[in-house]
Each structure stands twice: as C-alpha cells, then as structure tokens.
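Remember, it's a predicted structure, so these values are computed and weren't measured experimentally.
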Amino acid sequence: QVQLVESGGGLVQPGGSLRLSCAVSGMIFSGRAMGWYRQAPGKQREFVATFTAGGSTVYADSVKGRFTISRDNAKNTMYLQMNSLKPEDTAVYYCYANGPVAYWGQGTQVTVSS
C-alpha cells in the first residue's frame with residue numbers, strides 16, 4: 001500500500017523558514033517523478049516544485065530562489081525547504097509521487113502571518 005505522509009507545517013512569521021517532509025512508503029522511491037503542490041483557501045491547487053523522473057528540479061516562478069526541493073533516497077523522504085516566506089505562501093501543502101496513478105499525501109498546513 002502506497003503512503004505519502006507530510007509533516008513540518010505550522011505558523012511562521014513573514015520572512016521566516018519552514019522545512020516540510022514527505023515520507024514515502026510502499027513504492028520504489030528513486031527514479032520517480034515527485035514533488036509538491038499547494039492549495040490556498042478558495043483557490044485551485046497549484047504546482048510548487050518537482051523532481052522529474054530524470055532527477056532534474058523544476059520550480060514555480062512564485063517560489064524560485066526561495067524554496068528548495070530535495071530528497072534522501074536512503075530514507076525514502078522528500079523535503080521542501082521554504083525560506084523568505086510570504087503571507088501569500090499560506091496554503092495546505094501536498095506531496096505527490098507518480099506511479100500507475102498519482103499518489104498524494106493528506107497535506108500539511110502552512111500559515112505565514114504576523
């Protein structure tokens with residue numbers, strides 16, 4: 001059974017940092033496209049960052065230079081380091097992994113507010 005479990009969300013002040021984690025089980029981790037999306041209240045889910053199947057990274061323009069996606073294949077865990085956070089980064093963050101279907105985690109709330 002494939003499971004993706006996010007953690008690391010919370011409340012942070014503007015300009016602060018958070019690191020999200022996505023623990024993956026039940027599937028081969030390496031060589032797989034996986035990444036992060038987010039959904040703000042009243043908005044559609046939007047792309048944040050991803051690893052391609054070849055291992056390249058792609059970022060949304062809105063987070064480029066502030067967010068960094070990484071992965072630890074030994075721990076089957078993916079990360080999203082978020083720096084210089086802005087109120088508009090407030091959203092539920094979801095990790096996903098490609099397989100026969102797209103697998104999603106349950107989401108973790110990130111709130112950027114003073």
- Item | Of all pairs that satisfy salt bridge (Lys or Arg N to Asp or Glu O under 4.0 Å), the ones with a partner from residues 100-114, not counting sequence neighbours | none
- Applying salt bridge (Lys or Arg N to Asp or Glu O under 4.0 Å), which residue pairs with at least one partner in residues 70-86 are found, sequence neighbours left out? none
- Please confirm whether the backbone N or O of Arg45 pairs with a side-chain atom of Tyr94, one donor and one acceptor, at under 3.5 Å? no
- Item | Donor-acceptor pair, side chain of Thr90 and main chain of Val112, under 3.5 angstrom | yes
- Side-chain donor-acceptor pair under 3.5 Å between Tyr93 and Arg38, yes or no? yes
- Under 6.0 Å from the CD atom of Gln44, do we count more than 12 heavy atoms belonging to anything else shown? no
- Task: Kindly check if the number of other-residue, nucleotide or ligand heavy atoms within 6.0 Å of NZ (Lys64) is above 12?
- Result: yes
- Query: Would Val110 and Leu20 count as a side chain to side chain contact (heavy atoms under 4.5 Å, CB included) if you check the C-alpha gap in whole Å, the side-chain angles of each, and the deciding distance to 0.1 Å?
  - Reply: CA-CA 9 Å; Val110 172; Leu20 305 183; 4.0 Å; yes
Check: [Y] and [X] side chains under 4.5 Å, non-hydrogen atoms:
X: Phe47; Y: Val58; answer: yes
X: Gln81; Y: Ser17; answer: yes
X: Tyr59; Y: Val48; answer: no

- Task: Pick out which of Asp89, Leu18, Leu11 makes a side chain to side chain contact (heavy atoms under 4.5 Å, CB included) with Thr111.
- Result: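 Passing option: Leu11.
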- Between Leu80 and Phe67, is a side chain to side chain contact (heavy atoms under 4.5 Å, CB included) present by the stated rule, with each step listed? CA-CA 7 Å; Leu80 184 68; Phe67 290 12; 4.2 Å; yes
- Message: What verdict does the side chain to side chain contact (heavy atoms under 4.5 Å, CB included) test give for Glu46 and Gln39, after you've listed the backbone C-alpha separation in whole Å, the side-chain angles of each residue and the deciding distance to 0.1 Å?
- Response: CA-CA 6 Å; Glu46 66 173 3; Gln39 187 166 19; over 6 Å; no
Report, one line per pair, each donor and acceptor closer than 3.5 Å where one atom sits in a side chain of residues 95-106; sequence neighbours left out.
| residue | atom | partner | partner atom | Å |
| --- | --- | --- | --- | --- |
| Tyr96 | OH | Thr50 | OG1 | 2.7 |
| Gln106 | NE2 | Glu6 | O | 3.3 |
| Gln106 | NE2 | Glu6 | OE1 | 3.4 |

